[in-house]
**Student:** 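Submitted below is the structure of interest, expressed as structure tokens.
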Amino acid sequence: MRIYEVFLKREGKQEFRHAGSLEAATAELAVVLARENYARRAEGELMWLVDRADIVTADAEFIAPNTDKPHRHNDGERVAARRKKKRKGS
Amino acid sequence: MSAIDPDVYELILALADDEHLMGQRHTEWIGVAPFLEEDMAFASIGQDELGHAALLYELITDDIDEVALRRSAADYRSCWLVEEPCTDWADALIRHWLYDTAEELRWESLVSSSVSGLGDIARRALREEVYHRRHADALLDALLESGEAQQRLLKSLDRLLPLAVGLFEAPAGEAAALEAGVSDRPMESMMLQWQNAVDARFSTKAWTEVAPPDQQQRRIRSTHFERMYAEMREVILLDPTAVW
């Protein structure tokens, strides 16, 4: 048995979104089972199935070794405060 | 609802009863199918069949519950294949394939029906049949390869073939119903095409030795019907006003 990740796309410009996963003996079985498990109520009109073993992954140690990175975030708060101060002063 | 010709009524009733009971039997696998994904898929296919049954009943009655569930046992026109319990997964899977292969031919015969609305129902059902057939074939492709599964499936096939042939037995008055244009061919004429499909899928069968049960034009019920009938009616008898 292999594990497949299921992605569904609704009509229009929406992107494919991860719907869930399932276990199946063959790719064809994965397709027919995914249809009933994830799209029986017409939740999407296009489906991608990806064998989990084929997914290229990267772990947390590589992707996000440090999560505290305030220098990478700018919510614009300080700039807004300075502009406001300037407007009031003029 | 305008009065419907009794022969037309009988034929549509037989088609609807087959779908109704097949759906009922398939959905019995919810929670107990061999693996989770199949559990959901098989019961969902059963729900499709129940949906077809409801559409067909609507053609002949304004009160579906009355016809589908309150009718007396003697008035059902189902074939015995759909009344069979099939509590073994190999049996259930083989019946699924045999029934859906036959059903596809049946819907094709109804596409240009003279009965208002029936052609649309047939076209709608045919779109779903593509999936049902693909599901059954995918499972058989995977399971017929290995020794034990293959043996079990072929044993089930031998056991169920006579009942499956009974699927092509028409209710009384079929000739008149055909005259009225309900379907474009008699049920029996679809059998040869179905037999060819069975031969191609498994192996050539000695069809002359396959004896269908004596269903007497679908007027009598198999021994398994009574219990199924009681289970189907459990809710409606408990609460006649129940909504579902």
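First the proteins, then the strands, lettered A, B, ... as listed; each starts at 1.
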**Student:** In terms of heavy-atom proximity below 4.5 Å to chain A, should B:Gln47 be classed as side chain, backbone, both, or neither?
**Tutor:**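 Neither; nothing under 4.5 Å.
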**Student:** How about B:Arg124: does its CZ atom have over 12 heavy atoms from other parts shown lying under 6.0 Å from it?
**Tutor:**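 No.
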**Student:** Should we count CZ of A:Arg2 as having more than 12 external heavy atoms under 6.0 Å?
**Tutor:**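 Open: at most 12 neighbouring heavy atoms sit under 6.0 Å from CZ of A:Arg2.
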**Student:** State whether the side chain of B:Glu37 and the backbone N or O of A:Glu23 hold a donor-acceptor pair below 3.5 Å, judged by distance alone.
**Tutor:**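 The answer is yes, because a donor-acceptor pair under 3.5 Å joins these two groups.
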**Student:** Atom CZ of residue position B:Arg70 - does it have more than 12 heavy atoms of other residues, nucleotides or ligands inside 6.0 Å?
**Tutor:**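 For B:Arg70, atom CZ is crowded (more than 12 foreign heavy atoms under 6.0 Å).
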**Student:** Any idea which heavy atoms bring B:Ala142 and A:Thr26 closest together, and the distance?
**Tutor:**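 Distance-wise, the nearest heavy atoms are CB-CG2, 4.3 Å.
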**Student:** Considering only heavy atoms from C-beta outward, does the side chain of A:Arg40 approach that of B:Met40 to under 4.5 Å?
**Tutor:**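 The answer is yes, as the side chains (C-beta and beyond) meet within the 4.5 Å cut-off.
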**Student:** Spell out the residues in residues 5-20 of chain A that have some non-hydrogen atom less than 4.5 Å away from a non-hydrogen atom of chain B, in order of number; otherwise answer 'none'.
**Tutor:**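 Residues qualifying by a heavy atom under 4.5 Å from chain B are absent, so none.
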**Student:** Count the heavy atoms of every other residue, nucleotide or ligand shown that sit under 6.0 Å from NZ of B:Lys155, and state whether that count exceeds 12.
**Tutor:**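 At most 12 heavy atoms, drawn from other residues, nucleotides or ligands, come within 6.0 Å of this atom.
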**Student:** Identify which one of B:His132, B:Arg133, B:Arg134 satisfies the side chain to side chain contact (heavy atoms under 4.5 Å, CB included) criterion when paired with A:Val32.
**Tutor:**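 With A:Val32 as partner, B:His132, B:Arg133, B:Arg134 yield a single side chain to side chain contact (heavy atoms under 4.5 Å, CB included), made by B:Arg134.
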**Student:** With a 4.5 angstrom heavy-atom cut-off, which part of B:Phe35 approaches chain A: side chain, backbone, both or neither?
**Tutor:**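 For B:Phe35, the side chain is the part near chain A, not the backbone.
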**Student:** Would you find more than 12 non-hydrogen atoms of other residues, nucleotides or ligands less than 6.0 Å from A:Glu45 atom CD?
**Tutor:**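 Atom CD in A:Glu45 is crowded, with more than 12 foreign heavy atoms closer than 6.0 Å.
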**Student:** Within a 6.0 Å radius of atom CZ on A:Arg83, are there more than 12 heavy atoms belonging to other residues, nucleotides or ligands?
**Tutor:**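 At most 12 heavy atoms, drawn from other residues, nucleotides or ligands, come within 6.0 Å of this atom.
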**Student:** Of all heavy-atom pairs between A:Glu28 and B:Ala138, which one has the smallest distance, and what is that distance?
**Tutor:**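 Nearest pair, atom of A:Glu28 first, then B:Ala138: CG-CB, 3.6 Å.
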